[in-house]
Amino acid sequence: MKNPRCSAPNRWVLLSGMALVLAMEACGPGDQGPTEILWDRWGVPHIHAADPGELFRAFGWAQMKNHANLILRLYGEARGRAAEYWGETHLVSDRYLRTMDVPERARHWYGAQKPRFKGYLDRFVEGMNAFARLHPESIDPELKVVLPLDPTDVLGHLQRVIHLSFVGREVTFGRAGQPIPGSNGWAIAPSRSAGGNAMLLVNPHLPWSGLFTWFEFQWKTPEVDAYGATLVGMPILGLGFNDHLGWTHTTNPLDGIDLFELSLTEGGYLWDGGVRAFETETQAIRVRQPDGTLRQQTLEVLRSVHGPVLEVKGDKAVAVRLVGLDQPHMFEQYWDMIRARNLREFESALQQLQSPIFNVIYADREGHILYLFGGRTPVRSGGGWQDWQGVVAGDRPDMLWTRTHPYEELPRVVDPSNGWVQNANDPPWSSTLPKLLNPGDFPAYLAPRGLRFRAQRSLRMLEQDRKISFDSLSRYKHSTRMELADRILDELTVAVGPRSSALARQAARVLEDWDRQADARSRGAVLFAEWVRTLGPGIFATTWREQEPLSTPKGLARPVAAVAALERAARNTMDRFGALDVPWGEVYRLRMAGRDLPASGGPSRLGIFRSLEFAPEKDGRFRALFGDSFVALVEFSQPIRAKALLSYGNASQSGSPHRGDQLALLSRKQLRPVWRDRREIEANLESREVLSRVPRQ
């Protein structure tokens, strides 16, 4: 008979010092002792739990400890109530999330969870709420309105980040057709590994704040020993490794969104030769005023056969259709991936296709490697990639897709003879060289063709090394060599002749002496980047060719204009920085939490593998705000060898010592050792929290 006390609320009890105890009702044989969070000196939690429920509860607590304010902000926004909480500036976001039905779908998705995983979501949120109750002083007053949190908040946040931002692209970048750039991923087979073990490079490039903030951690239960990272607010490991295997993601050029133009007439829209009525819904949005009062605004939501209407102008409207909104089990799929022990079990999890996007790059202890063009690609009526990139006709049933391609129809490579797979946000066709995936074997709309400079740099480094060691893998990961400079610099300096200005000739000499790197001490990189910006598009005489993937584009298209742009770039560089050979790191900076350090790495468009994107500062310098974020190198040796870095640190809470504490390592192009063994963790321990199940007295 069930103990009636088991339904009582949990009690959390703080002990003295650095320990914390979770006191809850003992409810039978599941009580197997304490759950511990061992916090290492980089602010990484190592969570040791006897069962998954306790693991998820402790994970919620740990995330709140390092990111409470950020999580509350993000969850409040995902509810579509941010304007009610924080004012008019959030109204556009609220209207979009409500129009896309995110809050209501989150409730539906929660009801659709299988009982076991629904319980895990409940526990995750319990841990978050418990932290907020015991540590109200750590939460900004304006954010407390979001409390208490609910499991539906997690699922709304999932939709906003993955479906609306990664797949849909509107919320983050403001226009359709602009994918989130960034990320490198490599898997090396034993045949190409100097140590005879498979290796994995995990290297996402994302914005350093907000929705895309990473959280690094270890999970340890009798069933799972997993290490990696997830995006803040997510209850599951997103990329990383366990004792048997590991994986990473890159954003693939997957077109999972379409915009349809509707012709309005007779109160509805043209469809299949007739007129179809919209489904309509009226919602009320409350907006907080400066004096604290709330005014109510009406939102009229129109839905066509394609999906919700985003915009109405005159006699036209635009409706949106998005993949993945009928797959509520993404978190459970990742739980299955984390617990997999071999390629067969891992692919069984992938075949669920609950994730609507992302390439998968995989390696394991048995020596297998995998590349998958993952996600949900619509089965379209025909056409090529470009045919579906703009707004398409919304009156034709043949343009309305209703299915997505199953797993067996997606581009996939397993254990290629070349011994590696890679992706740097390029299409799937260049996952290996020689090419194993033929674009002609797949629908023309599935992915574009082309190879940008960062991807070319990735392929070149892999192709040129027959036996890659763990140390050389680290060197390649930190490479700041500019593929664009290697392609065009010689022709540019030759174009600067004796009749060119003295300034242009001086600039050419600086570029000739430059090491073609974007290291902090590199002299000439600032000038070259300014020349690229000044010249603008149309650098090359020959565009990219599929038959010459690593040597095109090539040839200087406009030598006279290029020299003139070099003179202007030289003048700009002198005026702003006082020298043509100013070191890269004096101009491009890592600035956060009172730290100001030189950067090594630069924009992806220059063909730099170690990608960092910068924004201008008031002092004329540039601050990194995007790019290399969570990095992990993993060798599936016995024991596993791994190093990692979370560029901006593992906490966003104001005053945390771990906000920005890894920037110095980033500046020096260094990684940290990954501590997974308990003795290693305790030798580098910052604090310990103990969460115990004890009976109520």
Side-chain angles (χ1 to χ4, degrees), residues 113-114 116-117 158 161-163 166-167 183 185-187 189 198 200-202 204 219 223-224 226-231 234-256 323-379 403-416 420-423 425 427-428 431-432 436-437 442 446-447 632 634 636:
Q113 299 299 305
K114 297 173 185 176
R116 178 189 63 170
F117 209 84
L158 168 67
V161 175
I162 302 299
H163 299 78
F166 276 101
V167 181
S183 304
W186 287 6
L200 181 70
L201 165 62
V202 178
W219 277 356
E223 184 182 16
V224 172
Y227 193 102
T230 192
L231 295 176
M234 301 295 185
I236 206 77
L237 186 142
L239 39 81
F241 62 97
N242 62 26
D243 285 331
H244 309 280
L245 55 83
W247 75 93
T248 188
H249 290 313
T250 61
T251 306
N252 44 345
L254 179 149
D255 185 4
V323 297
L325 297 180
D326 55 349
Q327 275 91 44
H329 302 296
M330 180 172 169
F331 290 144
E332 186 159 8
Q333 174 185 315
Y334 276 73
W335 179 240
D336 292 340
M337 291 161 61
I338 293 163
R339 296 181 300 131
R341 294 166 295 177
N342 53 49
L343 178 59
R344 179 186 58 79
E345 292 179 1
F346 187 79
E347 282 209 89
S348 178
L350 287 183
Q351 288 166 3
Q352 299 174 42
L353 281 183
Q354 292 295 302
S355 175
I357 194 170
F358 302 131
N359 292 301
V360 180
I361 298 94
Y362 163 100
D364 67 29
R365 177 165 279 167
E366 295 177 356
H368 297 296
I369 61 174
L370 161 77
Y371 164 81
L372 173 71
F373 185 84
R376 293 274 179 170
T377 295
V379 177
R403 297 183 298 116
T404 57
H405 286 277
Y407 187 86
E408 58 269 17
E409 294 179 3
L410 301 177
R412 171 180 168 273
V413 173
V414 177
D415 296 336
W420 53 261
V421 294
Q422 72 84 42
N423 188 264
N425 307 115
S431 56
T432 60
L436 294 181
L437 294 172
F442 298 88
L446 189 137
V634 185
F636 289 95

*May I ask you to check whether Asn425 and Thr250 show a side-chain donor-acceptor distance below 3.5 Å?*
no
*Testing Val167, Leu325, Leu410, Leu353 for side chain to side chain contact (heavy atoms under 4.5 Å, CB included) with Arg376, which one passes?*
Leu353
*asked:* Between Val360 and His249, is there a side-chain heavy-atom distance shorter than 4.5 Å?
replied: yes
*Where do Val634 and Tyr227 land on the side-chain contact (heavy atoms from CB on, under 4.5 Å) test, with the steps shown first?*
CA-CA 11 Å; Val634 185; Tyr227 193 102; over 6 Å; no
*Is the backbone of Gln354 close enough, under 3.5 Å, to the side chain of Gln333 for a donor and an acceptor to pair up by distance?*
yes
_Distance-minimising heavy-atom pair for Pro416 and Val421_ = CG-CG1, 3.8 Å
*Counting distance only, does the side-chain N/O of Asn342 pair as donor-acceptor with the main-chain N or O of Arg344 below 3.5 Å?*
yes
*What are the two closest non-hydrogen atoms of Phe636 and Arg365, and how far apart are they?*
CB-CA, 3.8 Å
*Any side-chain heavy atom of Leu436 within less than 4.5 Å of one from Tyr371?*
no
*side-chain contact (heavy atoms from CB on, under 4.5 Å) between Thr248 and Leu201: does it pass, once the steps are laid out?*
CA-CA 8 Å; Thr248 188; Leu201 165 62; over 6 Å; no
*Given Phe442 and His405, is the side-chain contact (heavy atoms from CB on, under 4.5 Å) satisfied, shown in steps?*
CA-CA 11 Å; Phe442 298 88; His405 286 277; over 6 Å; no
_To the nearest 0.5 Å, what is the distance between CZ on Phe117 and CG on Asp336?_
8.5 Å
*Got a second to check how far Ile162's CD1 is from Ile357's CD1, nearest 0.5 Å?*
8.5 Å
*Check whether the side chains of His368 and Asp415 place a donor and an acceptor atom closer than 3.5 Å, and report yes or no.*
yes
_Side-chain heavy atoms of Gln327 within contact of Gln352, under 4.5 Å_ = no
*Only counting residues at least two apart or in another chain, list the ones meeting ring-ring contact (aromatic ring centres under 6.0 Å, His included) with Tyr362.*
Phe346
*Glu345: partners by salt bridge (charged side-chain N to carboxylate O under 4.0 Å, His left out), with sequence neighbours left out*: Arg341
*asked:* When you measure from the side chain of Trp247 to the backbone of Leu200, do you find a donor-acceptor pair of N or O atoms at a distance under 3.5 Å?
replied: no
*Mind checking what makes salt bridge (charged side-chain N to carboxylate O under 4.0 Å, His left out) contact with Asp243, not counting sequence neighbours?*
Arg676
*Can you name the residues that form a salt bridge (charged side-chain N to carboxylate O under 4.0 Å, His left out) with Glu223, not counting sequence neighbours?*
Arg339
*List the atom of Leu239, the atom of Pro204, and the distance in Å for their closest heavy-atom pair.*
CD2-CG, 4.3 Å
*Quick one: closest heavy-atom pair of Ser355 and Met330, and the distance?*
OG-CE, 3.8 Å
*Heavy-atom side-chain contact between Ile361 and Trp186 under 4.5 Å*: no
*asked:* Determine whether a donor-acceptor pair (N or O, by modelled atom type, separation under 3.5 Å) exists between the side chain of Glu366 and the backbone of His244.
replied: no
*So which heavy atom on Pro411 is nearest to which on Pro428, and how close?*
CB-CB, 3.8 Å
*Worked verdict on Arg412 versus Tyr407 for side-chain contact (heavy atoms from CB on, under 4.5 Å)*: CA-CA 9 Å; Arg412 171 180 168 273; Tyr407 187 86; 4.0 Å; yes
_With sequence neighbours excluded, residues passing ring-ring contact (aromatic ring centres under 6.0 Å, His included) with Phe373_ = none
*Who passes ring-ring contact (aromatic ring centres under 6.0 Å, His included) against Phe331, sequence neighbours left out?*
none
*Write down the atom of Gly240, the atom of Leu237, and the distance for their closest heavy-atom approach.*
N-CD2, 3.8 Å
*Going from CG on Asn252 to OG on Ser431, what distance comes out if it is rounded to the nearest 0.5 angstrom?*
12.0 Å
*Hey, is the main chain of Ile338 close enough, under 3.5 Å, to the side chain of Asn242 for a donor-acceptor pair?*
yes
